[in-house]
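Not measured: the values here are computed from a predicted model.
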Amino acid sequence: MILQNHLERGVRVKVGQFFGTVRYVGEVPNTEGEWIGIEWDDPVRGKHSGTINGVQYFQTRAPNAGSMIRSEKLTKFQTLQQAITEKYIVTEDTLQLDSEMIQAVQKQLHASLFEIVGMEKIGGKQSNLQHLVDVSVRYCPVNAAGDLSSLVNLEMLDVSSTLLWNWSVVGNIAEQIPTLRELNLSNNRFVDPYEEQISVLAQKFANIRTIILKNCSISSWTELVRLARMWPGIENLLLEQNDIRYIEDEAPYIVALSRLKHLDLQANAVRDPDSIRNLGRLPALEELVLTGNGIRELTFSEDCPHNEKVDLFRNLRTIYLRDNPLQDQCHVFNELDKLAQLEHVMVDPDPSVSYEETVARIVGSITGLRMFNRSTISEKLRRDSECDMWKLYAHQWVEVRNDAQQLKAFFKSHRMYPRVMERLGSPEQFLPDTRKVSNMIRLQLLNELTGELREKKVPKRIILHTLQNLIVKLFGLPEGNSALRLYLLDRKRKVRIPLENHGRSLDFYSVEDNDTIVFE
């Protein structure tokens, strides 16, 4: 444990509710005694950036996040042993509730038989540290281990927002608790371990499976990978609210994180497609949280055929993409369809379309999807969604279906379309008939007396009286023959239908193209 009068650079301290890191220990000209230069986690607590009267004593990351204080203002340090004892050891005195308090409760509840049941049992279990499985000393001023040999069944330990700052101390804690599987170190700031420390610490962290490092000022993926070399058995890594931006394409992280199944990068800034693609090299990754990273697009491969999968994220089953300004969700869903094992996607609905359309797009686009935003996808929903996509892209398919290169590009951009067509067939029936509809029909006009036959194109809506006048002129009949008798020749039934109402049009009698009109 760092003694109160043996502070050094990097030590974590607490004043009131504010946490900070020691950046300077020493004198300041024209003042007496020793000063402690602090870089505060919350810059609001600071007064300067480490420079006083033109002299720079240290440099803060954020402007005006530093100040000088006296050591007596610092909260006194504790060992983890002391913090657990103080919180979990229950004495007989603490089990005896004040009789006046019980009487007051009885009176308020009108329950004279009111009593506290089970307190002795609970207190006994807490007092026996051997029975503890899950311990939290969050916000306690812990900066050292102490004797932890009594915690023989402890599996989960929360030391977030404490004063831990040195990985050697954390390693000492893990070494003393071989049953420990989950370690929450959130809201702490650690100094980087020396290279020679890493292999030693790796032995101490061998049993740890889950590490939570939320808001620990981890500024790069390279820094994280170096730390991960200390955690050979790590399966779950939570890195929410750090400042990780780029995932470098480097082999070491594949080795250091070869067993990693769950990776939480929520509220970082991993947003460029290359970085996300590089995460796909993690061989065991099953769940990836990229919520709130500012992601605008995803591209895994531009050359992947529609009937194949990419060799990335080979075991990924769940991906979280909420709170990201995705520009083209249809493109994102098409890219996600390239992942071989993907079953569950979390994403915000597209505000430009209805929620139902968003569901249809994602369910219809991703072959193996089983859940969307925690809702199970039924087979009926899948069939309906695929049918919706089948209709939605029908026009685009028609435009390119006769061009092999364009059709290949279309299938790359809409990977689901070939398989949907295999089930539903061609979507042509849902396309509007673009053929021009003519208002004219061809008639065969037959003079029954002479046998003369002529063809004439006339409007569908021509009335019979006008047609009579046309026949007179066309056949050169005498003007007195304008009152002709007209018949529609039905060749199929071998009958003649009289067209008697000369004020009606041809379409009233359902006259069609190439029909024969007989007159006499």
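Under 3.5 Å, the side chains of S301 and D303 contain no donor-acceptor pair of N or O atoms. Side chains of T210 and R181: no donor on one and acceptor on the other come within 3.5 Å. Side chains of D147 and S149: a donor-acceptor N/O pair is present below 3.5 angstrom, by distance only. In this structure, a donor-acceptor pair under 3.5 Å is absent between the side chains of T21 and R189. Side-chain contact check for E223 and S219: at least one donor-acceptor pair (N or O, by modelled atom type) lies under 3.5 Å. Using modelled atom types and a 3.5 Å distance limit, the side chains of S275 and D272 yield a donor-acceptor pair. There is a side-chain donor-acceptor pair under 3.5 Å between Q78 and E86.
In terms of heavy-atom proximity, V363 sits nearest to L381 at CG1-O, 4.2 Å. Across all their heavy atoms, S67 and K47 have their closest contact at CB-N, 4.2 Å. Nearest approach of A62 to T60, heavy atoms of both residues: O-OG1, 2.7 Å. Contact record, S168 with L201: CA-CD2, 4.0 Å, taken as the closest heavy-atom pair. Considering all non-hydrogen atoms of both residues, L227 and P193 come closest at CD2-CD, 3.7 Å. Among all heavy-atom pairs drawn from L7 and S71, the shortest one is CD1-CB, 4.4 Å.
Expressed to the nearest 0.5 Å, how far CG of L129 lies from CD of Q81 amounts to 9.0 Å. Distance check, rounded to the nearest 0.5 Å: CG of L257 to CG of L224 gives 6.5 Å. How far CG of L239 is from CG of L237: 4.0 Å, rounded to the nearest 0.5 Å. Rounded to the nearest 0.5 angstrom, H344 NE2 and M371 CE are separated by 4.5 Å. Rounding to the nearest 0.5 Å gives a distance of 14.0 Å between NZ of K14 and CD1 of I38. In this structure, L260 CG and W231 CH2 are separated by 10.0 Å, a value rounded to the nearest 0.5 Å.
Counting non-hydrogen atoms of neighbouring residues, nucleotides and ligands closer than 6.0 angstrom, the CG atom of N307 exceeds 12 such neighbours. More than 12 heavy atoms of other residues, nucleotides or ligands lie within 6.0 Å of CZ in R419, so this atom counts as buried by the packing criterion. In E72, the CD atom is crowded: over 12 heavy atoms of neighbouring residues, nucleotides or ligands sit closer than 6.0 Å. Residue Q341 qualifies as enclosed at atom CD: its count of foreign heavy atoms under 6.0 Å is above 12. No more than 12 heavy atoms of other residues, nucleotides or ligands shown are found within 6.0 angstrom of CD on Q17. In this structure, R61 places its CZ atom where only 12 or fewer heavy-atom neighbours from other residues, nucleotides or ligands lie under 6.0 Å away. The 12-atom threshold is exceeded at CZ of F411, counting heavy atoms of other residues, nucleotides or ligands nearer than 6.0 Å. Within a 6.0 Å sphere centred on CZ of R70, other residues, nucleotides and ligands contribute more than 12 heavy atoms.
A salt bridge is absent between R382 and E386; no separation between the charged side-chain nitrogens and carboxylate oxygens falls under 4.0 Å. A salt bridge does not link R370 with E343: none of the charged nitrogens is closer than 4.0 Å to a carboxylate oxygen. Salt bridge annotation for R229-E195: present, with a cationic side-chain nitrogen under 4.0 angstrom from a carboxylate oxygen. Looking at R281 and D249, a side-chain N of the basic residue comes within less than 4.0 Å of a carboxylate O on the acidic one, giving a salt bridge.
Using modelled atom types, one side-chain atom of S49 and one backbone atom of N64 make a donor-acceptor pair closer than 3.5 Å. Between the side chain of K87 and the backbone N or O of S136, at least one donor-acceptor pair lies under 3.5 Å. Panel note: side chain R415, backbone P305; a donor-acceptor pair is recorded below 3.5 Å. The closest donor-acceptor contact from the side chain of D42 to the backbone of V44 lies under 3.5 Å. Judged by distance alone, with hydrogens and angles left aside, the side-chain atoms of E357 form no donor-acceptor pair with the main-chain N or O of D350 at under 3.5 Å. Checking side-chain atoms of Q197 against main-chain N and O of Y194 turns up a donor-acceptor pair under 3.5 Å. One N or O on the side chain of N242 and one on the backbone of S217 form a donor-acceptor pair closer than 3.5 Å. Although no hydrogens or angles enter the test, the distance criterion places no donor-acceptor pair under 3.5 Å between the side chain of N215 and the main chain of E240. Between the side chain of N153 and the main chain of V133, no donor-acceptor pair closer than 3.5 Å is present. Using a distance-only test at 3.5 Å, with no hydrogens or angles considered, a donor-acceptor pair links the side chain of N268 to the main chain of L265.
Under a cutoff of 6.0 Å and an axis angle of 45°, R12 and W165 do not form a cation-pi pair.
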Chi angles and distances behind the side-chain contact (heavy atoms from CB on, under 4.5 Å) call for L326, D328: CA-CA 6 Å; L326 300 174; D328 184 348; over 6 Å; no

Run the numbers on D264 and K214 for salt bridge (charged side-chain N to carboxylate O under 4.0 Å, His left out), then give the verdict. CA-CA 9 Å; D264 186 347; K214 176 181 177 180; over 6 Å; no

Let me see the working for T162 and L80 under side-chain contact (heavy atoms from CB on, under 4.5 Å), right down to the final yes or no. CA-CA 10 Å; T162 59; L80 179 57; over 6 Å; no

Worked check of side-chain contact (heavy atoms from CB on, under 4.5 Å) between H48 and M68: CA-CA 9 Å; H48 50 73; M68 293 285 194; 4.2 Å; yes

Show your working on side-chain contact (heavy atoms from CB on, under 4.5 Å) between M389 and Y417 and close with a plain yes or no. CA-CA 8 Å; M389 295 298 98; Y417 219 73; 5.7 Å; no

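Taking 4.5 Å as the limit, some side-chain heavy atom of I362 sits within range of a side-chain heavy atom of F372. Using a 4.5 Å heavy-atom threshold, the side chains of K76 and P141 count as separate. Contact of the R277 side chain with the I247 side chain is not registered, since no non-hydrogen atoms from C-beta on lie closer than 4.5 Å. Put simply, the side chain of I84 does not reach to within 4.5 Å of the side chain of Q82, judged on heavy atoms. A heavy-atom distance below 4.5 Å is found between the side chains of L288 and F313. By the 4.5 Å heavy-atom criterion applied to side chains, Y88 and L151 are not counted as neighbours. Under the 4.5 Å side-chain criterion, counting only non-hydrogen atoms from C-beta, I244 is in contact with I218. At least one side-chain heavy atom of I276 sits under 4.5 Å from a side-chain heavy atom of L298.
A perpendicular orientation is assigned to the rings of F18 and W40, their planes being inclined by more than 60° (bins at 30° and 60°).
Sorted by first and then second residue, the side-chain hydrogen bond (donor to acceptor under 3.5 Å, both in side chains) pairs with a member in residues 308-324 read R322-D348; sequence neighbours excluded.
For Y57 and Y24, the gap between ring centers is short of 6.0 Å.
Each of L282, L238, L316 was compared with L263 under the side chain to side chain contact (heavy atoms under 4.5 Å, CB included) criterion, and only L282 meets it.
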